[in-house]
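Predicted model only: the values in this text are computed from it and were never measured. Starting from 1, each residue takes its place in the sequence as its number.
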Amino acid sequence: MSGERAAFGALLRELRLSASQTIEGLAEASGVSVRGIGDLERGRRAAPQRRTVAALADGLGLDEALRERLLTAARAGRPRGYSPAGVRAFPRGVDDFVGRGRELARLAVLAGREAAVQPVAVAVSGAPGAGKTTLALHAARDLADLFPDGQLVLDLRGTHDERPGPGELVLSVLRALQVSDRDLAQAGPEGHGALYRQLLAERRCLLILDDARDEGQVRPLLPAAGASMVVVTSRRMLTGLDSVHRLPLGELHPTEAAELLASLVGAERAAADPEALAEVAARCGHLPLALRVAGNWLATRSGWTVRRLADRLADEERRLHALQAGDVRVAAAFDLSYRRLTPSAARLFRRLALVPGADTGAPGAAQLTGQPLFDAEDTLEELVEAGLLGASGDRYRLHDLLRLYARSRLDAEESARDADLARRALYRWLLETTVVAGRWFEPDHGPPPAAWQGSVDLSSADRARAWLQAEGDGWLAALRAAVTAGEHATVVEVAEALHWFSDQWIFWGHWPEVFGAAAHSAQALGDPLLEATHLNYHAWALLVCEDRPHDSLDRSAEALAAAERAADPRQRAWGHIYRSSALRRIGDHVTAAGHMYRAAPLFEAVGDLPGSLQAQHGHGILLQNSGRPEEALASYRDTLAFLDRAGDRIPSHIADFARGQLHAAMGACHAAKERWTAAVDFLTTAVTISRGSGNAALESRYLVSLAEALLSAGRPAEAREALARCLSLGLDADPRRVAEARELLARLEAP
């Protein structure tokens, strides 16, 4: 290569002398520095990139033939591939790379568009084992043609105790770019940084800075000018770096994870049991390192089936131990990050294994460690910065394998008593906050009392609903623990606070369990009024959430009997309401009407406006189900007038719930008479009300009815939009309505 560099330098000197130019004159004409031209002519540096050669050719006034000759010499003089000086070659494992299409496309855009005019730096961060290095190396191969002056890979050894400093790394790059020892000595250690920046300003190189420890290790290696690109990989987010593009890596998509496994174990074995392959991928948390370990394990054990490994990994207690192939251990990768945490961060990391849900917020984390809220938030952010914790908004999540690792550290480093105390503190806080948040929706409560000093912002019903839904897994686990411990009063208090909120989150999936447990606890407490109340709640959950009218009838009968023992007219009225609803569901409209009519005066006698509203609405439903749509419409209008008269005596969320139902029912009545314009108008209003109140369950129901009315009105495009919206509502929607929407949309899209 030195001979090729000399050939370019000799040609440049020959052409300059032929043009009767001095080095200074060519520098002025071309814009290339005097020193740069001198180094090129003496063969002290590799030939420049194409645009520098073009500038020299312009300065010399070369014709096309001589210009092409100079460019050819420059290409021959550039370094090819990777220099061994301070640079490591690609490791194995890049050829079976899968997925990461979005990230690769982003790097390609940055390399092709932005790096053409200015230096570009990209920070690739993620959890241990996320495949950061593999992504960077794969991208480097894809982008090699865009960086003709070299692609260099530097191992910064950020996770090791001994790692190179910035000066050593700069020197490694200078040597890899074949800067002569004389020039290095002349510049001296204090001048290496300037020489480094000058070289990168004049060349188009790609540098991979792998496994960076911190910003201080990286910052001196970022070019200030030129058209080079630097890709930094680090477990840390390197938040302190300015003017860098950030590329966070999570786990692979399930299909990509299965594809990676298949590439390691062989297509035939993978195809033999795709279900087991998917289970292995899921139990590896779709984390590339764990997938490679699992794949290599199978690849070296031809007698094992994929199912055998899937079953081996099913045991959470042994999963991390099983994810080990030779000297490669998933847990070891986690160790490198964990041991560098501050004591407070390590403690919180361990205790996050106690969180029962998929994620948590800073207030919950504070309960685990006893830290003040802002200190806990800072500690969480330290874990995020270290790549051990994911963050989305104000929620924090441990990867599944990191959760198992955190649990192993908790068992090893803390006593069972301390861990139990931390769990109890978290559960106690979850239930106390659930009661306050749930009471936002209770007619006799509303906002938290002024004396409440909670760590969660529950200043509005919307915030309360958001917290209850975000922490649903957590407070449900805490409630289950209270049930197991026989804390009956607590169980009843929590369920009572959630009664009206349950209408806002109908298809969460756990209301029958919550209210069934509360009914059992109420019976254990020996209070017939509490028993009647929670038996009624359970009857509602069985009917509305799980469509089990016969089981609901049994519960409402028990509720009526308990209400009679308690001599409580309100719970007697609700018992009649739920019996009426269940009987109507199984088609016994006559008996259903009898129970509905008995409920209305009982509600009126105790001044229960929400109950009276329910009874009036139920009367209209009975008329509608009896094939009397005009009478039902009149009844629904009367009920809307009742709502208007009640004003703020009925809480807004209860009123919105009822208005949505009433408008949907009126739309159905008009549809029964084929008055499609009116039907669409009423159903559109119902959708708007439910969407505004954030009730996805009701919105999904109304959207399907609206789509059907729109189709009958000859408006198929709008019907498709309504169905698509229904499918987008997610797990909070009515699953039966979602299935109907999917089927109807498929019919519309069929040729």
Going by atom types alone, do Tyr537 and Glu496 pair a side-chain donor with an acceptor below 3.5 Å? yes
Please tabulate, for the side chains in residues 603-618, all donor-acceptor contacts under 3.5 angstrom to protein atoms that are two or more places apart in sequence or on a different chain.
from, atom 1, to, atom 2, distance (Å)
Asp608, OD1, Gly611, N, 2.8
Asp608, OD2, Arg570, NE, 2.9
Ser612, OG, Asp608, O, 3.1

Any salt bridge linking Arg395 with Glu471? Criterion: basic side-chain nitrogen under 4.0 Å from a carboxylate oxygen.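 Salt bridge: yes.
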For residues 736-746, which side-chain donor-acceptor pairs fall under 3.5 Å, sequence neighbours excluded?
from, atom 1, to, atom 2, distance (Å)
Arg736, NE, Asp734, OD1, 3.4
Arg736, NH1, Asp547, OD2, 3.3
Arg737, NH1, Glu740, OE1, 2.8
Arg737, NH2, Ser705, OG, 3.3
Glu743, OE2, Arg747, NH1, 3.4

If you round to the nearest 0.5 Å, how far is [atom2] of [Y] from [atom1] of [X]?
| X | Y | atom1 | atom2 | result |
| --- | --- | --- | --- | --- |
| Arg283 | Leu404 | CZ | CG | 12.0 Å |
| Leu703 | Glu708 | CG | CD | 11.5 Å |
| Arg701 | Leu706 | CZ | CG | 16.0 Å |

Does His619 have its ring centroid less than 6.0 Å away from the ring centroid of Tyr597? yes
Looking only at atom types and distance, does a side-chain atom of [X] sit under 3.5 Å from a main-chain N or O of [Y], one as donor and one as acceptor?
| X | Y | value |
| --- | --- | --- |
| Arg584 | Leu622 | no |
| His399 | Gly285 | yes |
| Ser580 | His576 | no |

Considering only distance and modelled atom types, tabulate donor-acceptor pairs under 3.5 Å from the side chains of residues 643-651, sequence neighbours left out.
from, atom 1, to, atom 2, distance (Å)
Asp644, OD1, Arg659, NH1, 3.3
Asp644, OD1, Arg659, NH2, 3.2
Arg649, NE, Ala646, O, 3.3

Would you be so kind as to tabulate the donor-acceptor pairs closer than 3.5 Å made by side chains of residues 686-698, with sequence neighbours excluded?
from, atom 1, to, atom 2, distance (Å)
Thr688, OG1, Thr684, O, 2.9
Ser690, OG, Ala686, O, 3.2
Ser690, OG, Val687, O, 3.0
Arg691, NE, Glu699, OE2, 2.8
Arg691, NH2, Glu699, OE2, 3.0
Ser693, OG, Ile689, O, 3.2
Ser693, OG, Ser690, O, 3.1
Asn695, OD1, Ala697, N, 3.3
Asn695, OD1, Leu698, N, 3.2
Asn695, ND2, Asp503, O, 2.9

Residues forming a ring pair (Phe, Tyr, Trp, His ring centres under 6.0 Å) with His488, sequence neighbours excluded: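 Not a single residue meets the ring pair (Phe, Tyr, Trp, His ring centres under 6.0 Å) criterion with His488.
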Going through the distances and angles, do Cys669 and Phe682 end up as a side-chain contact (heavy atoms from CB on, under 4.5 Å)? CA-CA 10 Å; Cys669 289; Phe682 276 104; over 6 Å; no
Please tabulate, for the side chains in residues 439-453, all donor-acceptor contacts under 3.5 angstrom to protein atoms that are two or more places apart in sequence or on a different chain.
from, atom 1, to, atom 2, distance (Å)
Trp440, NE1, Leu458, O, 2.7
Glu442, OE2, Trp500, N, 2.9

